[in-house]
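First up is the structure itself, then whatever we jot down about it.
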Amino acid sequence: MISENPLAELKKECEILLREALKKLQIEKSLIKQFTFEKPPVWDFGQLATSICFELTKQTAEKPLTLAQRLVQAMDKSKFSIVKEATAAGAGYINFHANFEQFSALTIESVRQLDADYGLVKAEKPLKVIVEHTSVNPLHPIHVGQARNPILGDAVARMLSARGHTVFRHYYVDDVGRQTAVIAYGYEKLGKPKPTEKPDHFIGKIYTITSCLVEINRLKRELERAKMVSAEEEILKINRELDDWMSIAFELKQKHPELFETLLQKIGEDLDPEKRINELNKAYEAGEENAKKLIREVSQFCLEGFKETLSRAGVLYDSWDWESDLVWSGLVAEVLQKLKQTPYVSVLGGVLEFEAEKVVGAFDLREKLGLRKDYAVPSLTLVRADGTTLYTTRDIAYTVWKFGKAEKCINVIGMEQSLAQLQLKIALYALGYGRHAENLTHFAYNLVTLPGYKMSSRRGRYITLDEVLDEAVKRAYEEVYKRSPQLPEHEKQKVAEIVGIGAVRYALVEVDPAKPVEFSWDRVLNFEKNSAPYIQYSHARACSILLKAARKPEKPAYNLLKEKLEQELVFALAEFPNTFIEATETLKPNLIAEYANTLADKFNTFYNAFSVIKAEPPELSDARLALVDAIRIVLKNALNLIGITAPERM
RNA sequence: GGGCGGGUAGCCUAGCAAGGAUAGGGCGCAAGCCUCCUAAGCUUGUGGUCGUGGGUUCAAAUCCCACCCCGCCCGCCA
């Protein structure tokens, strides 16, 4: 007999025993919301426990412990199968001990038979789900701050897919807006050069310098104007900003002297760079051919670089959605038109405003959206005075488009955009897409900071993901070189790549997304406990044992697995399906990381304490081999879910 | 000012939605373990006002209220 969820079988049996005992004692069980079982704090207390006796004795004078004892008495012992015994304990708990002779067999056999599918319990209702993630603006290389996004997004996508949903991974290419116009402007000024290095790095340099020079130019003009009217306070403010940018310019000049000089000269020729940038932006949104060609070309360069980096990290996409396409196809205008027809959009001083708060009132959304009683959602500007649209406006159209293709949408977007995401959701209600709104999830995550300051791509202050991956792989190579000199060179490199990338992914996925992460090389280059390499190493160890054994476990006697550690391992394996379900339903990839680490931990302890291959009698050796095989499978499945490869040697 | 998120040992972190028994880990520090299946490992020790104060409860890190600290947002930026 096998089961896709051995722990659920155990729970089921406990629940039946409990229900029958309650019935026998004629206890009113309507008092109980549901039968929940928890894991006792100490292994020897048993594997599952319930605290219902505390609730049941609320109305009566009976002590919880007395009731627990009576219930245990009333249980029909002849019906025990994977439950070995039930005991009343503490102040009134009922503890259930698993019958490991059977439970080990059930669990290990289930894992080994289901293999790559073990633990990945399918959802009752498979859905079409779009996970939009990464969506880094095509202006500069992806930096570690932004890298948290694809790593989390990819893990979530993998988990949902394993849950049986049809998942589409979408990258939203944000090519509309001032920023792309700035880079295109710089690129044009340079005479549209072909990249001489990794294209996103190439574009990133041009962008940073151009944006800095343009900013200085703009501030200088503002300063002039402020001086004319002697606005003292403003002058001070502008001067401060200007100083800031000048120091950035100084840094950039040091770093890239030639490029800096060229751009300084070329941009200097322009009386008003700002004007050209605005024209470019407007022309692009209008779909004018030259602007289209120029901006698409620059963006494409960047995306090429992104694809290279992300695919190296194991992150792939099903669709690249260009924001500009939504504008040119008329979808943005169409959605805008619909919004205008609602009573929630008004023209204020030449701009179009979406009054989100009115929608909240009209549709009674306050509670649904989790808003405080007297909080008024700020209104959102949809269209500028010059007729161009804003980011969130286009995102509304994009969301409508996405819901044409999927029943559920998950947007992996930094939590600093929470308000915009809220307004977007409210706009869906206003448009009459309430069901879509309810199936739209903002998967918010916190920032990655550098010690001292925020990473700023505008200022060129960032550590790129490429750098981090390179460094991690280099470190991993050194380790492999040291520890496994016998491996052939190409194997060493392959392992180093898997381990290095894994380490980075793990570091970014391990922490609760809601918490901020301070970047440190120590965190990312952790190769010891609580890291991907640690789990990968454990997996390789398991593989190594199986390889050395050079035999299949012919006649495993699971009843010989009597050691506490062995039973703890079995129980941990049995827990995996539940962990997976919970992690996926609550979108918490960090639970998977934590689970894998805990399992690896237990396995290493076991490895150190007992021998597998040479264990006597052979039936015990076989049982342990099967256990190791099951551990190997679950470690691999867990790692896969968070996009980390499990090497067989390292 | 308002909103959102975070606050758990020197540092990092789990647990909080569904309240339960002794708050789990890791790093660091100290001391040990390779003639034995991979030492990226294992063992032992060290370290806690769970931000503060109230409340609810048989039971609170977890729920409620107030306050404090940190971050983010409240743009005709994205």
Side-chain angles (χ1 to χ4, degrees), chain A residues 33-34 36 38 40-42 45 49-51 54-55 57-58 63-64 89-93 95 135 137 139 174 176-180 323 348-353 370-372 374-378 380-386 388-392 394-395 414-420 422 444 446-447 449 454 476 479-480 482-484 499 503 510-512 514-518 520 522-523 526-531 533-538 540-549 586 590-591 594 597-598 600-601 604-615 624-625 628 649-650:
Chain A
K33 303 158 271 181
Q34 57 179 356
T36 54
E38 65 234 31
V42 178
F45 288 0
T50 175
S51 54
F54 293 97
E55 281 178 63
T57 50
K58 254 182 195 167
K63 274 187 178 168
Y93 299 93
N95 293 332
S135 305
N137 295 357
L139 306 165
D174 187 11
V176 180
R178 210 190 99 91
Q179 296 184 79
T180 36
E323 192 179 16
L348 288 169
V351 305
L352 221 53
E353 288 284 321
L371 304 174
R372 293 223 172 194
D374 30 17
Y375 171 66
V377 181
L380 170 75
T381 303
L382 295 168
V383 180
R384 293 189 186 93
D386 70 358
T388 56
T389 54
L390 282 110
Y391 173 80
T392 309
R394 299 186 296 264
D395 206 3
M415 60 164 237
E416 71 278 5
Q417 288 196 46
S418 295
L419 177 58
L422 175 67
N446 216 317
L447 296 168
T449 54
K454 225 171 111 175
E479 295 291 320
V480 179
K482 208 162 60 193
R483 297 165 197 280
S484 306
V499 170
E510 170 224 13
V511 189
D512 182 339
K515 296 206 179 195
V517 167
E518 184 169 287
S520 73
D522 275 356
R523 191 191 275 270
N526 177 19
F527 283 39
E528 296 178 358
K529 265 188 114 143
N530 196 16
S531 73
Y534 175 72
I535 302 162
Q536 290 170 318
Y537 181 74
S538 313
R541 250 185 174 173
C543 291
S544 174
I545 294 174
L546 297 166
L547 189 74
K548 285 258 165 69
T586 57
N590 50 313
L591 295 185
E594 195 201 344
N597 187 57
T598 306
D601 210 345
N604 282 318
T605 305
F606 164 79
Y607 176 90
N608 245 266
F610 306 104
S611 57
V612 175
I613 299 171
K614 290 178 193 160
R624 284 187 179 159
L625 267 179
V628 170
R649 278 191 297 268
M650 60 188 278

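Because only heavy atoms are used, hydrogens play no part in the values below, and waters and symmetry mates are left out as well, while side chains stay in. In what follows, chains carry the letters A, B, and so on, assigned in the order in which the sequence lines appear, proteins first and then strands, with residues in each chain numbered from 1.
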Please determine, for the side chain of [X], which listed nucleotide ([options]) has the closest atom?
X: R541(A); options: rA21(B), rG41(B), rC37(B); answer: rG41(B)
X: P40(A); options: rA21(B), rG5(B), rC37(B); answer: rA21(B)
X: L419(A); options: rC37(B), rC77(B), rC73(B); answer: rC73(B)
X: N597(A); options: rG25(B), rA14(B), rC36(B); answer: rG25(B)
X: A89(A); options: rA21(B), rU22(B), rC72(B); answer: rA21(B)
X: K515(A); options: rG5(B), rC36(B), rU13(B); answer: rU13(B)
X: V42(A); options: rC76(B), rU22(B), rC42(B); answer: rU22(B)
X: R523(A); options: rU38(B), rU13(B), rC42(B); answer: rU13(B)
X: E416(A); options: rC37(B), rC73(B), rG6(B); answer: rC73(B)
X: F45(A); options: rA21(B), rC37(B), rC42(B); answer: rA21(B)

When all nucleic acid strands are considered with a 4.0 Å heavy-atom cut-off, which category describes [X]: base, sugar-phosphate, or nothing?
X: A385(A); answer: base
X: E594(A); answer: sugar-phosphate
X: N526(A); answer: nothing
X: R649(A); answer: base
X: T586(A); answer: base
X: G92(A); answer: nothing
X: D512(A); answer: sugar-phosphate
X: T381(A); answer: sugar-phosphate
X: I613(A); answer: base
X: V480(A); answer: base
X: Y375(A); answer: sugar-phosphate
X: P378(A); answer: sugar-phosphate
X: T36(A); answer: nothing
X: V499(A); answer: base

Determine the Euclidean distance between corresponding [atom1] atoms of [M] and [N]; express it in Å to zero decimal places.
N: rU38(B); M: rC33(B); atom1: C1'; value: 16 Å
N: rC16(B); M: rG24(B); atom1: C1'; value: 14 Å
N: rC27(B); M: rC63(B); atom1: C1'; value: 33 Å
N: rC50(B); M: rG41(B); atom1: P; value: 32 Å
N: rG2(B); M: rA17(B); atom1: C1'; value: 26 Å
N: rU49(B); M: rC29(B); atom1: P; value: 22 Å
N: rU8(B); M: rU62(B); atom1: C1'; value: 12 Å
N: rU46(B); M: rA23(B); atom1: P; value: 15 Å

Is there a donor-acceptor pair under 3.5 Å between the side chain of [X] and the backbone N or O of [Y]?
X: T57(A); Y: K63(A); value: no
X: N526(A); Y: K529(A); value: yes
X: R384(A); Y: V351(A); value: no
X: S544(A); Y: A540(A); value: no
X: N95(A); Y: A49(A); value: no
X: R394(A); Y: T389(A); value: yes

Is there a Watson-Crick or G-U wobble partner for [N] with both distances under 3.5 Å, and which nucleotide is it?
N: rG48(B); answer: none
N: rG32(B); answer: rC42(B)
N: rA21(B); answer: none
N: rC63(B); answer: rG55(B)
N: rC4(B); answer: rG71(B)

Practice problem: Report the distance from atom CD of E38(A) to atom P of rU22(B), rounded to the nearest whole Å. | Solution: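 E38(A) atom CD is separated from rU22(B) atom P by 13 Å.
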Self-check item: Distance, rounded to the nearest Å, where M415(A) contributes CE and rG6(B) contributes P
Solution: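 From M415(A) CE to rG6(B) P: 8 Å.
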I want to check one thing: is the phosphate of [N], taken as OP1 and OP2, less than 4.0 Å away from some side-chain N or O of [X]?
X: Y534(A); N: rC27(B); result: no
X: S51(A); N: rG19(B); result: no
X: K58(A); N: rU57(B); result: no
X: R384(A); N: rG75(B); result: no
X: K529(A); N: rC27(B); result: no

Practice problem: Verify the neighbour count for atom CZ of R649(A): are there more than 12 heavy atoms of other residues, nucleotides or ligands below 6.0 Å? | Solution: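 No, because the 6.0 Å sphere around CZ of R649(A) holds 12 heavy atoms or fewer from other groups.
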Quiz item: On RNA chain B, nearest-nucleotide positions of R178(A) versus K548(A): which is more 5'?
Solution: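 Its nearest nucleotide lies further toward 5', so the answer is K548(A).
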Quiz item: Taking for each residue the nucleotide of RNA chain B with the nearest heavy atom, is it F527(A) or V511(A) whose nucleotide lies nearer the 5' end?
Solution: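 Its nearest nucleotide lies further toward 5', so the answer is V511(A).
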Exercise. Answer syn or anti for rC74(B), where the cut-off is 90° from 0 on the glycosidic torsion.
Key: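 Chi for rC74(B) falls in the anti range.
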Practice problem: Taking the side chain as every heavy atom from C-beta outward, state whether V517(A) and N446(A) have any pair of such atoms under 4.5 Å apart. | Solution: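 No; the side chains remain at least 4.5 Å from each other.
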Quiz item: Does one side chain, of D386(A) or T388(A), offer a donor that lies under 3.5 Å from an acceptor on the other?
Solution: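 Note: D386(A) and T388(A) side chains meet the donor-acceptor criterion.
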Quiz prompt | Distance-only donor-acceptor test, N95(A) side-chain atoms vs rA21(B) base atoms, 3.5 Å | solution =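 Indeed there is one.
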Quiz prompt | Short N-O contact, K58(A) and E55(A), less than 4.0 angstrom | solution =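 Salt bridge: no.
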